Amino acid sequence: MNYTILVTGSAYGRQNASTALLFCQSLVKTDHVLHSIFFYGDGVSNANKMIKPATDEFNLIAGWQKLHKKYKVKLYVCSSAAFRRGVIEDEQKINMRIKQGNLALFFEMTGLLELANSIKVCDRIIQF
């Protein structure tokens, strides 16, 4: 079975994102396919490389990146939601007159069309 995961919970302060990561880590170890993870709403904070948790806390952004590196899971970020919450990619920095974007490595800005395509090819979508 193919899955798409929709993460709408922020990286910290709520349980949604960390539960989603645990679910995804378990899912990739099964016979099921994790097609993509789509970050929407406050979930886009999971792609903000400027978030630095305390040294004794789990680094959720690094957890997503590790999942991508090991299993090649696509990490899509809704660009509209990201712009509203101050998450921008390096390609947008010129238009906004800032020196560097804060989109974390391996995350990809996209739109709701990509979410629709993911839903179309998957059997299940689960929202956290």
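Keep in mind the model is a prediction, meaning the values are calculated, not measured.
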query = Of all heavy-atom pairs between Met109 and Ser79, which one has the smallest distance, and what is that distance?
reply = SD-CA, 3.7 Å

ask   = Nearest heavy-atom pair of Pro53 and Ile51: which atoms, and what distance?
value = CD-O, 3.7 Å

remark   = Shortest non-hydrogen pair, Gly9 vs Asn46, comes out as O-ND2, 3.1 Å

task = For a salt bridge (Lys or Arg N to Asp or Glu O under 4.0 Å) with Asp42, tell me which candidate from Arg14, Arg85, Arg84 qualifies.
result = Arg85

query = What pair of heavy atoms forms the shortest contact from Ile37 to Phe39, and how long is it?
reply = CG2-CZ, 3.6 Å

key: Option among Val28, Ile126, Leu34 that satisfies the side chain to side chain contact (heavy atoms under 4.5 Å, CB included) test with Phe23   = Ile126

task = Return yes when atom OH of Tyr40 has more than 12 non-hydrogen atoms of other residues, nucleotides or ligands closer than 6.0 Å, and no otherwise.
result = no

request  = Would you indicate whether the side-chain heavy atoms of Trp64 and Val7 approach each other to under 4.5 Å?
outcome  = yes

request  = Measure the spacing between NZ of Lys52 and CG of Asn59 and express it to the nearest 0.5 Å.
outcome  = 7.0 Å

ask   = Taking it one step at a time, do Val44 and Phe107 satisfy side chain to side chain contact (heavy atoms under 4.5 Å, CB included)?
value = CA-CA 10 Å; Val44 300; Phe107 289 86; over 6 Å; no

Per-pair distances, 0.1 Å, donor-acceptor, side chain in residues 65-76, under 3.5 Å, sequence neighbours excluded:
from, atom 1, to, atom 2, distance (Å)
Gln65, NE2, Leu105, O, 3.0
His68, ND1, Val73, O, 2.7

inquiry  = Using modelled atom types and a 3.5 Å cut-off, is there a donor and acceptor pairing between side-chain atoms of Asn2 and backbone atoms of Asp123?
reply    = no

request  = Look at atom CG of Asp56 and say whether more than 12 heavy atoms of other residues, nucleotides or ligands are closer to it than 6.0 Å.
outcome  = yes

key: side chain to side chain contact (heavy atoms under 4.5 Å, CB included) assessment of Ile61 paired with Phe106   = CA-CA 10 Å; Ile61 291 93; Phe106 304 127; over 6 Å; no

ask   = Does the side chain of Leu21 come within less than 4.5 Å of Phe58's, by heavy atoms?
value = yes

Shortest non-hydrogen contact from Gly86 toward Asn102 = O-ND2, 2.9 Å

remark   = What one should report as the nearest heavy-atom pair of Ser45 and Ala11 is OG-N, 2.8 Å

